Number of protein chains: 2
Amino acid sequence: MTRDSFSRQQAAAITGLTPRQLAYWRKTGLVVPAIHTDGGHARYTFTDLIALRAAKRLRDAGISLQRIRKCLRSLTHFLPTADRPLAELSLVVTGDVVLVFHGERAFDALTGQEWVFPIAELAREVEKLQRKQPRQGELFPAAEEKLEEYA
Amino acid sequence: MTRDSFSRQQAAAITGLTPRQLAYWRKTGLVVPAIHTDGGHARYTFTDLIALRAAKRLRDAGISLQRIRKCLRSLTHFLPTADRPLAELSLVVTGDVVLVFHGERAFDALTGQEWVFPIAELAREVEKLQRKQPRQGELFPAAEEKLEEYA
DNA sequence: AAGGGACAAAAACGGCGGTTTTTGTCCCTT
DNA sequence: AAGGGACAAAAACCGCCGTTTTTGTCCCTT
């Protein structure tokens, strides 16, 4: 029981996961312990624990393992800088979706699509428009066509 | 064409929605124009435009009308302060979920569940644990039971 | 204890068809 | 123009069911 390596039992106790889950997740590559003892037994590092804990939270939030896997696959694809997303990134979970916060922006962990728009921004848009009453089309080019179309 | 009331055509042109949609959304109560002319015709206010624009964005982001309605219903339920969520709150959309930012927190607009957890927080948790090696149970009470259970 | 295998229950997924909601279009009235 | 009604196409939803994934449990080996 050193300072920076944990047995499976310990890891399970700390993270709130079952030993069975650790075994399966290891076998399927979700979280693979970084260290092995001489006897070939697994040892979880501190970083491993964080990853496990993150995964546990995602599970508790109702995200299925399958979805977590998908997210990780696409994350390593569109955010290659992060090689251990579960231990590095800020995650927000809602319903069946995982959001990643990266700098000021938020992405869908699955698709990489960015989907943030504070209402304040909308207000500014419409305000601008209001000030230019006569030539309001500039802000919404597509809308301008519609204006003519339905005029 | 005053400064703060817009006809249906204008509203449609500005927001990028079709007049048909405005009519339907009005009829079904999603966004009801706040003003009426003497002749009984609808006039959209500036705030209405913002709401329309927000809804439009949600639609563009792939959120169905039905889901938007659900979100609004539950929003007015667990955030009663906001009586016009579409025109007041910050929304984040990903996949088929709508997130509401309210102060420092984020909620699922549908369930009201709060689901934010920066990884940094997890690291702190585990760090604390590491410093108290001998009595590690305090941080994860549930885990402590497991420790015994699987010991 | 840890690892691994085997088996079964539980959970999650994916596709399909039927139903409801939303939108487009046309027409009529004011 | 705006409102409203009617009809049809498109989009979205819901429930069902067979398949796959995940987990629990038991047993055996080191």
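Since we're looking at a predicted model, the values are computed, not measured. Letters A, B, ... mirror the listed sequences (proteins, then strands); counts begin at 1.
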Does the B/Arg59 side chain pair with the main chain of B/Ile63, one donor and one acceptor, at a distance under 3.5 Å? yes
Okay, side chain of A/Arg26, backbone of A/Val32: is any donor-acceptor separation there less than 3.5 Å? no
Atom-to-atom span, CZ of B/Arg20 to C1' of D/dA6 - whole angstrom: 10 Å
Taking side-chain hydrogen bond (donor to acceptor under 3.5 Å, both in side chains) as the definition, give me every residue that meets it alongside A/Arg69, ordered by chain and number, with sequence neighbours left out. A/Thr28
Toward the 5' end of DNA chain C, by each residue's nearest nucleotide, A/Ser7 or B/His41: A/Ser7
Partners meeting side chain to side chain contact (heavy atoms under 4.5 Å, CB included) with B/Ala34 (sequence neighbours left out): B/Thr45, B/Asp48
Hits for side-chain hydrogen bond (donor to acceptor under 3.5 Å, both in side chains) against A/Ser64, two or more places apart or cross-chain, chain-then-number order -> none
To check you understand the geometry: which heavy-atom pair defines the closest contact between B/Ala12 and B/Leu22, and what is its length? N-CD1, 3.7 Å
In chain order, what residues pass the side chain to side chain contact (heavy atoms under 4.5 Å, CB included) check against B/Arg20, with sequence neighbours excluded? B/Thr18, B/Tyr24
Find the distance A/Lys27:NZ to C/dG5:P and express it as a whole number of Å. 7 Å
Validation row: B/Arg43, B/Pro33 side chains within 4.5 angstrom (heavy atoms): no
Counting any heavy atom closer than 4.0 Å, what does B/Ala42 reach on the DNA or RNA strands: base, sugar-phosphate only, or nothing? sugar-phosphate
Nearest-angstrom distance from the residue atom CZ of B/Arg43 to P of D/dA2: 7 Å
Per-nt protein contacts along nucleotides 13-22 of chain C (heavy atom under 4.0 Å; B base, S backbone sugar-phosphate only, - none) come out as SS------SB
D/dG24 P sits how many Å from A/Leu22 CG, rounded? 11 Å
With a 4.5 Å heavy-atom cut-off, do B/Leu65 and B/Leu58 have their side chains touching? no
Rounded to whole Å, CD1 of B/Ile63 lies from C1' of D/dA12 at a distance of 12 Å
Rounded to the nearest Å, what distance is computed from the CZ atom of residue A/Arg8 to the P atom of nucleotide C/dA2? 6 Å
In short, the helix from C/dA1-D/dT30 to C/dT30-D/dA1 is bent end to end, axes from five pairs each side, to 10°, by 50°
